[in-house]
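Letters A, B, ... are given to chains in the order of the sequence lines, protein chains preceding strands, and every chain is numbered from 1.
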Number of protein chains: 2
Amino acid sequence: MANQLDTIFSAMADPTRRAVIERLLDGPASVSDLHGPHDMALPSFLKHLNKLERAGLVRSEKTGRTRTLHIEAAPMAAAEDWLTQQRRLWEGRLDRLQALAEALERPKT
Amino acid sequence: MANQLDTIFSAMADPTRRAVIERLLDGPASVSDLHGPHDMALPSFLKHLNKLERAGLVRSEKTGRTRTLHIEAAPMAAAEDWLTQQRRLWEGRLDRLQALAEALERPKT
DNA sequence: CTGTTACTTAGCCACATGGCTAATCAACTC
DNA sequence: GAGTTGATTAGCCATGTGGCTAAGTAACAG
């Protein structure tokens with residue numbers, strides 16, 4: 001995947017991973033803490049965490065035998081920015097269309 | 001894919017599809033118009049369009065032999081909303097941490 | 001009605017994804 | 001040091017994804 005947006009969007013395209021993000025907004029947590037609520041084998045769950053980490057949405061450090069993860073908010077902003085920009089362009093287009101419509105309603109002012 | 005956010009995010013996790021979205025913000029276009037700039041066989045490209053349509057980000061009608069696509073902005077808002085909400089929560093958490101830090105700096109006011 | 005154009009379908013391929021079990025590693029606990 | 005616990009690795013499987021070619025359909029142009 002070339003673009004950073006690719007990995008970010010695809011990391012967010014999964015409910016398990018979004019749930020992890022939501023959970024981490026509350027504060028750091030260990031792998032097994034995060035795993036707790038998810039009905040899924042640990043190795044499967046780990047893959048999700050790895051994907052989040054590769055996307056840069058999460059960082060982690062291992063101390064002793066437990067790994068602690070915390071969220072990295074900045075990359076999500078990239079995704080949000082893209083969406084916001086598209087919305088602005090879209091709204092701008094609607095404005096132009098509306099202006100056009102109004103101009104047509106009043107042919108010769 | 002259960003959730004609507006799943007399909008939306010995963011639809012946006014590809015540069016070709018994002019480019020199509022960006023192009024469509026400028027106004028409706030036919031399949032081959034959209035295909036033009038992309039160095040890819042038509043059937044491959046069609047798969048991308050179908051994925052966009054299944055995600056609800058795009059609608060299309062066929063008149064005569066050409067299919068015209070236009071953007072459906074609303075679903076993107078769902079994705080943006082989710083991101084915005086996460087950011088708010090994150091910022092809220094930072095505020096609380098900062099408040100805590102300030103409280104600790106001035107132990108007994 | 002023949003040819004061209006604009007998609008569409010079918011079918012193939014390689015690789016990624018998301019799940020699993022079993023086994024291993026490393027660090028605490030007793 | 002033996003056992004337990006937290007995390008990881010290896011390897012398997014089914015399905016999805018993203019690309020292709022080849023062939024088919026449907027409408028428009030002459």
Does the pair B/R18/B/E22 count as a salt bridge with the N-to-O cut at 4.0 Å?
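The answer is no: the pair does not qualify as a salt bridge.
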So, are A/D14 and A/K51 salt-bridged, with charged N and O less than 4.0 Å apart?
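Here A/D14 does not pair with A/K51 in a salt bridge, since their nearest N and O are not under 4.0 Å apart.
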Over how many whole Å does the gap from [X] atom [atom1] to [N] atom [atom2] extend?
| X | N | atom1 | atom2 | result |
| --- | --- | --- | --- | --- |
| A/E61 | D/dA7 | CD | P | 14 Å |
| B/D6 | D/dT17 | CG | P | 11 Å |
| B/K47 | C/dA14 | NZ | C1' | 12 Å |
| B/L52 | D/dT17 | CG | P | 13 Å |
| B/N50 | C/dT9 | CG | C1' | 11 Å |
| B/L34 | C/dA6 | CG | P | 14 Å |
| A/L49 | D/dT9 | CG | C1' | 15 Å |
| B/F45 | D/dG19 | CZ | P | 11 Å |

Between A/K51 and C/dT17, is there a side-chain N or O to OP1/OP2 distance below 4.0 Å?
yes
OP1 or OP2 of C/dC7 sitting under 4.0 Å from any side-chain N/O of B/H35?
no
For the residue pair B/E80 and A/W82, confirm or rule out a side-chain donor-acceptor distance under 3.5 Å.
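Not at all, the side chains of B/E80 and A/W82 share no donor-acceptor pair under 3.5 Å.
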If a protein heavy atom is under 4.0 Å from the base, mark B; if only from the sugar-phosphate, S; if neither, -; do that for nucleotides 22-30 of chain C going 5' to 3'.
B----BS--
Counting only side-chain heavy atoms from C-beta out, which of [options] sits nearest to [X]?
| X | options | value |
| --- | --- | --- |
| A/V31 | D/dA7, D/dG18, D/dC12 | D/dA7 |
| A/S32 | D/dC12, D/dA7, C/dT8 | D/dA7 |
| A/L42 | D/dT21, D/dT8, C/dC7 | D/dT8 |
| A/M40 | C/dC20, C/dT9, C/dG18 | C/dC20 |
| B/L46 | C/dG18, C/dT9, D/dG18 | C/dT9 |

Could you tell me whether B/T16 contacts a base, only the sugar-phosphate backbone, or nothing, with contacts defined as non-hydrogen atoms closer than 4.0 Å?
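Nothing, no heavy atom under 4.0 Å.
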Give me each pair satisfying side chain to side chain donor-acceptor pair (under 3.5 Å) with a member in residues 40-49 of chain A, each pair once, sequence neighbours excluded.
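Counting only pairs at least two positions apart or across chains, the side chain to side chain donor-acceptor pair (under 3.5 Å) contacts touching residues 40-49 of chain A are A/R17-A/H48.
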How would you list, by chain and number, every residue that makes a salt bridge (charged side-chain N to carboxylate O under 4.0 Å, His left out) with A/R59, sequence neighbours excluded?
A/E72
Keeping A/S30 on the side-chain end and A/D33 on the backbone end, is there a donor-acceptor pair under 3.5 Å?
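Yes; at least one donor-acceptor contact below 3.5 Å.
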Residue whose nearest DNA chain C nucleotide is more 5′ - A/R54 or B/D33
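Nearest-nucleotide comparison on DNA chain C picks B/D33.
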Within the 4.5 Å heavy-atom criterion, are B/M76 and A/Q86 side-chain neighbours or not?
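Result yes, sub-4.5 Å side-chain heavy-atom pair found.
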